[in-house]
Amino acid sequence: MTRLASVVTVLAFVLAVAPVARAESPRDILVVVNRASTVDSVTIDELRDVFLKKRASWRSGGKTTPVNASEGSSLREDFRKRVLNMSSSAEKSYWQKRKIKAGESRPAEFENTLRAVFKLRGAVSYVYRSQFKEGTARVVLVLPAG
Amino acid sequence: MLLFLAGGTAVAQEIAPASESGEEDASTESAQSAPVPSGDSGDSRVEAQQEAQQKEIEQLRADLEDLRARMDEEDEIDFDEMGASSEFEPSLDVYGFMAFYAGKWFIQEEDVMYGIMQNKFTFGITDLNIYFSGHLTETISSLVELRFTFLPNGADASFIPSYERVDNTYMDNSTSEELTLGGVIIERAKMTWQPYDFFGVSAGRFLTPFGIWNIDHGAPVVIPINKPYLMLRHTLPLNQTGLVVHGRFFPAASTYFDYAVTLSNGRGPTEEIYDLDDNKAVGLRLRLSYEGQDVGFAVGAYGFFGHTTDVTKAPGFAGEDGTTLTIVEEITERYQELAGSADILFRLWNFRLQSEVAGGYLKYRVRPLVVLPIVNVESPSGEYQPDFLRYSLYVLAAYEIPIVSGDDAMSLTPFVMVEYDVMYDSLPEYDTWIYRGGLNFRPNSFVVLKAACSYVRLPDAPNIADIWTLAGQVALTF
């Protein structure tokens with residue numbers, strides 16, 4: 001009976017821990033900020049606001065400069081689906097309207113977003129885990145693959 | 001270099017699986033090509049071959065690791081060579097929109113409106129706006145929006161006592177070519193300092209932050225072809241020159257609370273460049289919005305209080321002996337205005353409902369002679385302008401039907417709109433009802449094709465018959 005209880009306890013522990021101890025994937029998207037940034041963490045809502053330029057500062061202070069991956073890249077497409085919840089054409093349409101209404105332009109695009117974040121103070125962008133290099137930027141949010 | 005390294009990484013990523021599959025292929029190939037072993041000598045020969053192949057694979061793996069290490073090292077050096085993080089780099093964006101119009105107003109020939117409104121089928125360029133949007137630092141930006149128009153050439157200058165048309169045609173002396181001049185309207189020319197989301201200051205000429213239409217204002221953004229009467233009548237000033245303090249708060253996820261306080265010259269014949277009185281106009285805009293994925297709503301209001309003055313100037317003499325030449329100002333018109341607007345926007349999936357109401361009370365201190373509405377000519381009977389209340393409202397419902405989704409999205413948007421306009425309450429016969437309906441086709445995010453019809457009715461005006469209009473428009477962002 002004691003042995004059965006132990007097995008059940010171990011199983012319960014494994015089941016409880018399993019989702020937390022999810023394996024890292026190279027396709028995880030890491031949201032990164034410049035090393036000089038004081039931001040520690042961001043929420044998806046906040047990130048969406050920043051990349052749609054509905055806010056220009058972090059909740060914790062400091063200006064934001066969103067940097068997108070190049071249009072057409074799989075990274076950009078993944079980020080758009082996971083964070084912005086919109087299609088490519090919907091995003092284009094959104095920016096057409098913002099330009100006319102508020103004179104606001106879409107975020108700059110870079111092929112290598114990690115380099116842009118490394119270089120530009122205040123920049124926030126995203127990379128696949130497989131592309132990330134320790135020490136070049138600070139990770140403030142992980143968007144798991146899938 | 002950046003591209004090279006990015007490409008290099010990709011190559012390295014491609015090499016890894018290739019070598020793994022290569023290992024598989026090599027063993028398969030060697031198994032196929034090796035002769036059938038016979039006895040101990042055959043076994044030892046196979047073992048020797050396998051051992052050699054294994055060494056070769058290990059060497060290839062070592063070479064690959066070495067290559068990766070060297071690329072990583074090169075990458076690190078490149079990152080280090082970039083030095084400390086740099087600051088914001090200034091940028092300037094130039095873009096715009098335009099709209100081509102085709103349409104006709106159907107008006108009875110004996111009606112007074114026949115000669116005033118456009119009664120022939122006509123083509124026209126209704127919008128041509130160019131933007132210069134500059135981002136100078138992280139907190140300082142500028143925005144200039146210019147609207148190009150063919151006016152004033154061709155406009156009706158007067159009806160009474162005789163008809164006159166503005167003619168802006170001039171001859172180029174060097175070529176004898178006749179050229180027609182158009183005009184430029186400065187819609188916006190402002191500089192903004194925005195240190196925080198909750199606080200920013202803009203100075204210059206800005207769109208009055210009221211309602212929905214005046215902010216959307218571009219043909220590719222607004223749904224119908226024709227502006228509502230609350231825009232055409234300028235129930236509130238569409239633009240002002242002065243200062244705006246504005247900001248945004250984030251009370252909850254996807255929820256925004258915006259404010260704007262305006263201080264300007266208000267209205268006036270020269271308000272773009274200078275005020276003809278010392279009373280500045282003040283305004284307050286408040287707006288709460290929720291922009292969820294499937295549902296959104298917004299409620300907003302704007303209040304405006306100001307004075308409008310017009311003057312004439314004449315030479316005169318002053319001083320004790322009456323010999324000092326002066327220029328004397330005489331006020332010909334002055335009124336105090338309290339105006340406001342309220343707007344709501346509701347969105348449920350692809351359905352959109354929006355409504356605005358705007359009104360204003362004008363109280364005169366110096367009354368001019370009454371001006372006949374629409375033709376803008378002084379009343380022949382010569383009475384003075386009374387105080388009055390004017391207001392206007394509309395309700396617009398639209399549903400966007402996606403035809404193709406994804407990256408090549410197209411959509412159809414049928415819409416209906418109802419307007420009620422009171423030009424001013426001392427002219428009750430000019431109360432106007434307008435019913436509009438139409439269909440927009442958006443083949444991509446840059447272009448929208450619109451077709452619409454309108455029915456205009458002035459139920460209290462015995463001498464003005466109902467009017468029908470048909471119109472088409474192509475609006476494009478560039």
Side-chain angles (χ1 to χ4, degrees), chain A residues 26 34-37 43-46 48-49 52 54-59 61-65 71-72 77 84-106 108 110-112 114-123 130-131 133-137, chain B residues 2-3 5-6 9 13 72 75-76 78-79 82-89 91 93 95-97 129 131-133 135 138-139 141-145 188 194-198 200 207 215-221 248 250 253-254 256 291 293 404-410 442 444-446 477:
Chain A
N34 182 274
R35 289 180 298 181
S37 172
T43 64
I44 289 187
D45 284 327
E46 196 177 5
R48 186 182 303 121
D49 283 351
L52 294 178
K54 291 177 179 176
R55 69 185 309 151
S57 306
W58 297 110
R59 269 183 309 176
K63 300 296 282 186
T64 65
T65 305
E71 185 63 57
E77 191 58 31
L84 305 185
N85 282 324
M86 52 173 65
S87 66
S88 167
S89 66
E91 191 190 356
K92 279 180 194 158
S93 182
Y94 172 84
W95 285 112
Q96 298 295 344
K97 290 176 183 173
R98 280 301 297 270
K99 279 163 68 176
I100 290 172
K101 290 159 74 165
E104 197 71 78
S105 303
R106 62 173 65 196
F110 284 88
E111 191 173 355
N112 190 328
L114 193 57
R115 283 173 193 280
V117 170
F118 179 84
K119 198 170 187 303
L120 187 61
R121 208 187 304 276
S130 59
Q131 298 168 331
K133 296 178 70 63
E134 285 295 341
T136 53
Chain B
L2 198 144
L3 283 171
L5 285 174
T9 311
Q13 284 168 349
D72 284 350
D75 223 16
E76 288 295 344
D78 188 67
F79 265 70
M82 291 166 81
S85 296
S86 61
E87 297 292 345
F88 185 93
E89 290 184 12
S91 64
D93 296 318
Y95 55 90
F97 66 88
N129 289 34
Y131 290 69
F132 302 89
S133 175
H135 297 271
E138 280 184 330
T139 56
S141 61
S142 64
L143 177 65
V144 175
E145 180 185 354
R188 283 185 271 190
Q194 183 94 45
Y196 307 103
D197 282 318
F198 64 83
L207 295 179
I215 305 300
D216 289 355
H217 85 279
V221 178
R248 163 170 281 188
F250 304 87
S254 303
Y256 313 97
E291 296 174 19
Q293 186 66 22
V404 181
S405 59
D407 290 348
D408 303 314
M410 297 182 188
R442 193 177 279 276
N444 56 50
S445 56
F446 299 98
T477 315

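In what follows, chains carry the letters A, B, and so on, assigned in the order in which the sequence lines appear, proteins first and then strands, with residues in each chain numbered from 1.
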Name the region of [X], side chain, backbone, both or neither, that has any atom closer than 4.5 Å to a heavy atom of chain A.
{"X": "B:F132", "value": "neither"}
{"X": "B:Y95", "value": "side chain"}
{"X": "B:F250", "value": "side chain"}
{"X": "B:D93", "value": "side chain"}

Could you give the distance from [atom1] ([X]) to [atom2] ([Y]), rounded to the nearest 0.5 Å?
{"X": "A:R55", "Y": "A:E46", "atom1": "CZ", "atom2": "CD", "result": "4.5 Å"}
{"X": "A:K63", "Y": "B:T139", "atom1": "NZ", "atom2": "OG1", "result": "6.5 Å"}
{"X": "A:Q131", "Y": "A:T136", "atom1": "CD", "atom2": "OG1", "result": "11.0 Å"}

Legend entry - Per-residue contact mode, A:R48 against chain B (heavy atom under 4.5 angstrom):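 Contact with chain B: side chain only.
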Inset, instruction - Counting only heavy atoms closer than 4.5 Å, note whether A:A102 contacts chain B via side chain, backbone, both or neither. - result: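 Interface part for A:A102: backbone (N, CA, C, O).
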Legend entry - Test side-chain hydrogen bond (donor to acceptor under 3.5 Å, both in side chains) applied to B:D216 - qualifying residues, sequence neighbours left out: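 By the side-chain hydrogen bond (donor to acceptor under 3.5 Å, both in side chains) rule, B:D216 matches A:K101.
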Legend entry - Residues in ring pair (Phe, Tyr, Trp, His ring centres under 6.0 Å) contact with B:F97, at least two apart in sequence or another chain: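 Result, ring pair (Phe, Tyr, Trp, His ring centres under 6.0 Å) vs B:F97: none returned.
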Legend entry - chain B contacts, top residue of A:E104, A:K97, A:K99 (heavy-atom pairs, under 4.5 Å):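 Max contact count across the listed options: A:K99.
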Legend entry - Pick from B:R188, B:R442, B:H217, B:Q194 with the largest number of heavy-atom pairs that fall under 4.5 Å of chain A: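 With the most close heavy-atom pairs to chain A, the winner is B:R188.
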Legend entry - Expected output: side-chain A:D49 to main-chain A:K54 donor-acceptor under 3.5 Å: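 No; judged by distance alone, with no hydrogens or angles, the pair does not exist.
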